[in-house]
Amino acid sequence: MADIPVKYEGLFHVINTAVFERRLLDELCSLATRVRAVAKTRAGARSLQELGSNKRAMLYFTQPSTRTFLSFNNACHLLGIRTSEIRDPSTSSEVKGESFEDAIRTFSSYVDIIIMRSRESGRAASAAQLMDTIKRPVPIINAGSGSDQHPTQALLDIYTLDRSFLERGGIDGKVIGMMGDLKRGRTVRSLCYLMKCYTSVHLVFIAPPDFAMQDDIKKFLKKQRISFIESDELEEVLPELDALYVTRMQSEWDQRGESKDIDLSKYTFGKEQLDTLKPDAIVMHPLPRGSEIEPLVDSDPRAMYWRQERNGMWMRVAVLIKLLGLEESLYKLSPVVND
Ligand code: ASP
């Protein structure tokens, strides 16, 4: 079939976006688009449910989550994958003193894939390392680890950017602004790594000085020759942007309420900013939002965050398909054309 993308081998865990390559991103975007087209009919939805009907997934979310949990849960169900969950660590044997490693190993005895979110950075990476040492390893998906990485959010962000710029040459060459708490926002950190897969992207970081993008990411961007500038004046840079990715203050990481001291009015997107934004630019947000995007923006066609949220489910189906090796079976199903 003409629209089958080049197959990317070698993906087992999804932990850190720094290791992703363009071919894989293109393949995941094609898989997501294919799934949404197949899911449009009742027959298609039924056959999708057959794809994963012999698989089981564990959702191990010990840090709060609405979208990521629900979209993974629904992504599993779209594929007929049965799910188990632990969302409250007080209900797991970890309270009896069981180690994290033993808990993960136990989950892996019952399921085919573990999707996990933790407050601690590096937890999913440790789980993946553990899997690589045992006899029946299962893939680990990092659904958010501390303030460090949120790879599947970055993948759905890429899917949203890719779809939005479909008629304008894709993501290559675009000017992408990232605004808000860039220091502690794991979504923007993960997204920055993926920028290495595109050519001539220019990044504009807009943040209060105390919440600027961290040096490790800036070093990475320099090494990859990805151009970026930093500003704390949205007004000055807004007219140049093709996309503005707004984020909230990550106040859950405050030591002494420091985010409360920031005048956020400069980092807020409302009517005035809509008037300055290019007519074909887009506004994104990983959600949940605070006051950084005014609700009146929601009805503007350039507001992409609600579509971005739904794209998350399709992209997470694509990730599950890829990790469980179901791509070929998916491409045998007939989609509704002209998605
Ligand atoms: N939902 C995203 C995350 O889990 C963004 C946020 O919480 O600000 O990181």
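For ligands, and for the atoms within them, numbers begin at 1 and follow the listed sequence.
Near Thr187, with a cut-off below 4.0 Å to any heavy atom, the atoms of ligand 1 are 2 (C), 5 (C), 9 (O). For ligand 1, the atoms sitting less than 4.0 Å from at least one non-hydrogen atom of Gln250 are 6 (C), 8 (O), numbered in the order shown with element in parentheses.
At a 4.0 Å cut-off, not a single heavy atom of Thr247 sits close enough to ligand 1 to count as contact.
The shortest N or O to N or O distance between Arg117 and ligand 1 is under 3.5 Å. Looking at ligand 1, you won't find any N or O of Gln153 less than 3.5 Å from one of its N or O atoms. At a 3.5 angstrom cut-off on N or O pairs, Pro288 does not count as close to ligand 1. In terms of polar-atom proximity, Arg248 is counted as a contact of ligand 1, with an N or O under 3.5 Å from an N or O of the ligand.
The side-chain heavy atoms of Met249 and Leu264, taken from C-beta on, include a pair separated by under 4.5 Å.
Counting protein heavy atoms only, atom 2 (C) of ligand 1 is closest to Leu287 O, 3.7 Å. At the shortest separation from atom 4 (O) of ligand 1 among protein heavy atoms lies Arg186 NH2, 2.9 Å.
Aromatic ring centroids of Tyr193 and Phe20 lie 6.0 Å or more apart.
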Going through the distances and angles, do Gln63 and Ser118 end up as a side chain to side chain donor-acceptor pair (under 3.5 Å)?
CA-CA 5 Å; Gln63 192 197 27; Ser118 63; over 6 Å; no

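Under the 6.0 Å distance and 45° angle rule, Lys174 counts as a cation-pi partner of Phe165.
Here the CD1-CD1 distance, from Ile158 to Ile171, works out to 4.0 Å after rounding to the nearest 0.5 Å.
Counting only N and O atoms by type, the side chains of Ser147 and Arg186 include no donor and acceptor under 3.5 Å apart.
A donor-acceptor pair is defined here as one N or O able to donate and one able to accept, closer than 3.5 Å; no such pair exists between the side chain of Asp232 and the backbone of Pro209.
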